[in-house]
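Scroll down for the structure; my scribbles are underneath it.
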Amino acid sequence: MSDSVSRTLTSTPGLLASLDPLLREWLPRQRWFAGKGRPVTGFSLVSAIELMPADSRLGLYHLLVRAQQSPVPGDCYQLLIGVREALPPRLAPALIGHVEEGPLAGRTVYEALYDPRPAEVLLEALRSRARIGGLLFEREPDQEIRPGLVPRMVTAEQSNSSIVYGDTFILKLMRRVVPGVNPDLELPLALAREGCPRVPPPTAWIRAELAGEPYVLGVLQPFVQGASDGWELALRELAKGEDFATEARALGRATAEVHTALARTLPTVTLGHTQLELMTAGMVDRLEAATQAVPALRPYAPGLRSAFEALAALAAEGRTWTAQRVHGDLHLGQCLRSPAGQWWLIDFEGEPAKSLTERRLPQPPLRDIAGMLRSFDYAAHSADPPAPGWAESCRAAYCSGYAEVSGVDPRTDPVLLRACETDKAIYEVVYEARHRPDWLSVPLSAVRRLALDDGAPPPSPLTSPSSRRPHP
Ligand SMILES: Nc1ncnc2c1ncn2[C@@H]1O[C@H](COP(=O)(O)OP(=O)(O)O)[C@@H](O)[C@H]1O
Ligand SMILES: O=P(O)(O)O[C@H]1O[C@H](CO)[C@@H](O[C@H]2O[C@H](CO)[C@@H](O)[C@H](O)[C@H]2O)[C@H](O)[C@H]1O
């Protein structure tokens, strides 16, 4: 492997070899493991740093390991590994395994984020702006972190892992890490510095420089106390038969506030014919890949493609669009409402399946709007019976709210909006087929609607998802 190993751990050669059999078994079972479906055949060490000495009662390693998954090299993951003689019962769910040989032979290793002491070490490092091996713990100059905040690991299903400290801060530790500027720090920081109040402002973060490449490994931000996410709220209102239009309108306003602040503080570009050709080609490629992966999409492919062709035709006539930095994966689960009724947008990482470069490209703001419109549709189709009228009212209210703040009503650009919604619904079909097959009928019902303009074949009956577990 070409990754350079940070050799902070000269005292413990063979560490990874001794963990290897345990990690092979444990890593693929984690919700955040991105390489599901392909066996892990080994690991290479990208970086290893001892945060607490392993020869004491409690040791702590910070590891970046690359999982080897043939035929292509797998991803690089951030692990915090605790080491103890034996695990107390309260840490049983964190067990990784018992080490048989090597420097840790006879010891028990476990997911350290469940353990308050290692979690405190991370916050203390951020508080004191520590530099430990190649890890840089940095903090906004005017932001303070009070000592002694009690940590608890967030146990909700996530793409990354989070620790809440005393209901004051939440630290998100990235799991799959890639080199480069991470929009999950870049955008909230830019928005906070621009004075946008719709995003929790990053207080501190963890970075690393490895082989000359920057990595963002974690972000600490204020915890919005007592908040509910938009998905929970929407489902709750739906279950009561209540309208959600007032909240949808507030969400439209919040989205517009974030978009206008992003456009003020980061570059915008004009998308002309060439850029639009590239954009629509990307959409068509994703459609083709999706129809390979999910055969149920095939009957709708011509209708879906027509959405992209209509956009390309507008561009060919000379129409241009403004593009800017956007959230990139906006949906109801990424919106938090405080008990006082304020909306906050979180998780600016973008679609995890896309490269960092792609996620950081300026996009038409309608990309995010399409994501939210899809989300209202998702909520309505997860209800029993589905409530399409509820979704329509939310979608209209959301667009009105957006227009009130930005001066631009998304519905005045129906061709781009349909193309963006179609692209998102196709992404969702692939996402659901891979992660939650029970939910596949939800984006497929949208696919059917979006494709109908082109006379797609009559749809087969689709059922609501049988499992209504809350959004992971
Ligand atoms: N600032 C915050 N205040 C309160 N809760 C938060 C905050 N940020 C995130 N959360 C909670 O943590 C969950 C996961 O956060 P998110 O950034 O979406 O992580 P991931 O990238 O792992 O999906 C959110 O759904 C929300 O419930
Ligand atoms: O929250 P993540 O960044 O992990 O986003 C991924 O997972 C989401 C599901 O948890 C998925 O969102 C889809 O399902 C939601 C309901 O559970 C719905 O509100 C969204 O509109 C729908 O796209 C998201 O696409 C995926 O990237």
Side-chain angles (χ1 to χ4, degrees), residues 30-32 34 78 113 152-165 167-177 182-185 187-188 192 198-203 216 218-235 238 251 327-339 342-354 359 368-383 391 394-395 398 421 423-436 438-440 442-443 446 465 467-472:
Q30 304 312 302
R31 153 74 161 90
W32 39 263
Q78 173 172 220
L113 301 179
R152 75 180 148 84
M153 169 124 174
V154 174
T155 49
E157 301 248 302
Q158 278 183 251
S159 307
N160 297 287
S161 295
S162 301
I163 305 173
V164 173
Y165 291 94
D167 274 3
T168 305
F169 293 111
I170 182 165
L171 172 64
K172 168 148 95 176
L173 289 155
M174 285 32 182
R175 287 306 198 161
R176 189 172 71 92
V177 296
N182 188 324
D184 212 6
L185 174 60
L187 295 187
R198 296 280 71 83
V199 171
T203 307
V216 171
V219 180
L220 183 81
Q221 55 176 240
F223 182 71
V224 183
Q225 289 185 21
S228 307
D229 75 44
W231 178 252
E232 291 162 14
L233 285 174
L235 290 197
L238 258 167
L251 275 167
H327 179 284
D329 192 16
L330 195 58
H331 58 79
L332 281 162
Q334 314 283 39
C335 307
L336 298 181
R337 200 189 68 162
S338 68
Q342 299 287 351
W343 282 101
W344 306 75
L345 304 195
I346 58 164
D347 197 1
F348 283 72
E349 210 177 6
E351 285 175 9
K354 289 191 173 145
R359 289 188 244 157
D368 282 347
I369 292 160
M372 282 300 292
L373 297 182
R374 291 284 319 113
S375 214
F376 295 122
D377 190 59
Y378 246 79
H381 280 85
S382 314
C394 289
R395 288 161 60 96
Y398 179 78
E421 255 200 276
D423 194 39
K424 192 72 185 181
I426 292 165
Y427 164 83
E428 290 168 341
V429 165
V430 177
Y431 177 88
E432 301 300 2
R434 205 169 278 162
H435 298 274
R436 307 184 294 191
D438 274 358
W439 287 65
L440 189 55
V442 176
S467 137
R468 303 229 155 62
R469 63 189 174 83
H471 125 274

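Predicted model, so just to flag it, every value in this text is computed and none were measured. If you read the sequence from its start, that first residue is 1, and numbering goes on from there. Both ligands and their constituent atoms are indexed starting at 1 by order of listing. Every heavy atom of this structure was used, including side-chain atoms; hydrogens, water molecules and symmetry mates were not.
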Taking every non-hydrogen atom, the tightest pair across Ser338 and Val224:
CB-CG1, 3.8 Å

Could you tell me whether Arg152 and Asp167 make a salt bridge, using a distance below 4.0 angstrom between a side-chain N and a carboxylate O?
yes

Where the closest heavy atom to atom 13 (C) of ligand 1 is concerned, which of Lys172, Gln158, Glu349 has it?
Gln158

Which heavy atom of Ala192 sits nearest a heavy atom of Pro202, and at what distance?
CB-CD, 4.3 Å

Please confirm whether Arg436 approaches ligand 2 to less than 4.0 Å, judged on its heavy atoms.
yes

Would you say Lys424 and ligand 2 have an N/O pair spaced under 3.5 Å apart?
no

Quick check on contacts: which atoms of ligand 2 are under 4.0 angstrom from a heavy atom of Asp347?
3 (O)

Using a 4.5 Å cut-off on heavy atoms from C-beta on, say whether the side chain of Val216 contacts that of Asp184.
no

Close N or O approach (Tyr427, ligand 2; < 3.5 Å)
yes

Could you tell me if any non-hydrogen atom of Ile170 lies under 4.0 Å from any atom of ligand 1?
yes

Closer than 4.0 Å to some heavy atom of Leu336 - which atoms of ligand 1 meet that?
2 (C), 3 (N), 4 (C), 5 (N), 6 (C), 7 (C)

Are side-chain heavy atoms of Arg395 and Met372 found at a separation under 4.5 Å?
no

Looking at ligand 1, would Arg175 count as a contact under a 4.0 Å heavy-atom criterion?
no

Begin with the C-alpha distance, continue with both residues' side-chain angles, and end with the deciding distance and a verdict on side chain to side chain donor-acceptor pair (under 3.5 Å) for Arg175 and Ser161.
CA-CA 7 Å; Arg175 287 306 198 161; Ser161 295; 2.8 Å; yes

What do we get for Ala227 next to ligand 1 when only non-hydrogen atoms under 4.0 Å count, side chain, backbone, both or neither?
neither

Looking at Thr203 and Pro222, what are the two nearest heavy atoms and their distance?
OG1-CD, 3.7 Å

Under 4.0 Å from one or more heavy atoms of Gln334, ligand 1 contributes atoms 18 (O)

At less than 4.0 angstrom from any non-hydrogen atom of Phe223, what atoms of ligand 1 do you find?
3 (N), 4 (C), 5 (N)

Could you establish whether Ser159 and ligand 1 come within less than 4.0 Å of each other, counting only heavy atoms on the residue side?
yes

N/O of His331 under 3.5 Å from N/O of ligand 2, yes or no?
yes

Quick one: does ligand 2 sit under 4.0 Å from the side chain of Gln158, the backbone, both or neither, non-hydrogen atoms only?
neither

Within the side chain of Arg374, is there an N or O that forms a donor-acceptor pair under 3.5 Å with the backbone of Glu428?
no

Closest heavy-atom approach to atom 20 (P) of ligand 1 among Leu173, Asp347, Leu220 is made by Asp347

Quick one, Lys172 with Ser162, criterion side-chain contact (heavy atoms from CB on, under 4.5 Å). Give me CA distance, side-chain angles, the key distance, then yes/no.
CA-CA 4 Å; Lys172 168 148 95 176; Ser162 301; 3.9 Å; yes

Where do Gly333 and Asp229 come nearest, in terms of heavy atoms and distance?
O-CB, 4.1 Å

Near Ser159 (heavy-atom distance under 4.0 Å), the atoms of ligand 2 are 4 (O)

Ligand 1-proximal atoms of Asn160, by part, heavy-atom distance under 4.0 Å
both

Is there a polar contact, in the sense of an N or O pair closer than 3.5 Å, between Tyr431 and ligand 2?
yes

Using heavy atoms and a 4.0 Å limit, tell me yes or no: is Glu428 in contact with ligand 2?
yes

Counting only heavy atoms closer than 4.0 Å, does ligand 1 sit against the backbone of Pro222, its side chain, both, or neither?
backbone

Taking only heavy atoms of Gln334, which atoms of ligand 2 are found under 4.0 Å from at least one of them?
1 (O), 3 (O)

Consider ligand 2: state whether an atom of it lies below 4.0 angstrom from any non-hydrogen atom of Gly333.
no

At a non-hydrogen distance cut-off of under 4.0 Å, which region of Val154 contacts ligand 1 (side chain, backbone, both, or neither)?
neither

For Pro200 and Trp344, which heavy atoms make the closest approach, and how far apart are they?
N-CE3, 3.5 Å

Take Phe376 and Leu332 through the side-chain contact (heavy atoms from CB on, under 4.5 Å) test and state the conclusion after the steps.
CA-CA 8 Å; Phe376 295 122; Leu332 281 162; 3.9 Å; yes

Ligand 1 and Val224, any nitrogen or oxygen pair closer than 3.5 angstrom?
yes

For ligand 2, which atoms sit closer than 4.0 Å to a heavy atom of Ser375?
18 (C), 19 (O), 20 (C), 21 (O)

Can a side-chain donor-acceptor contact be found between Asp347 and Gln334 if the only test is distance below 3.5 angstrom?
yes

What I want to find out is whether Asp329 reaches Lys424 closely enough, with some N-O distance under 4.0 Å, to be called a salt bridge.
yes

Any sub-3.5 Å donor-acceptor pair from Arg176's side-chain atoms to Trp32's backbone N or O?
no

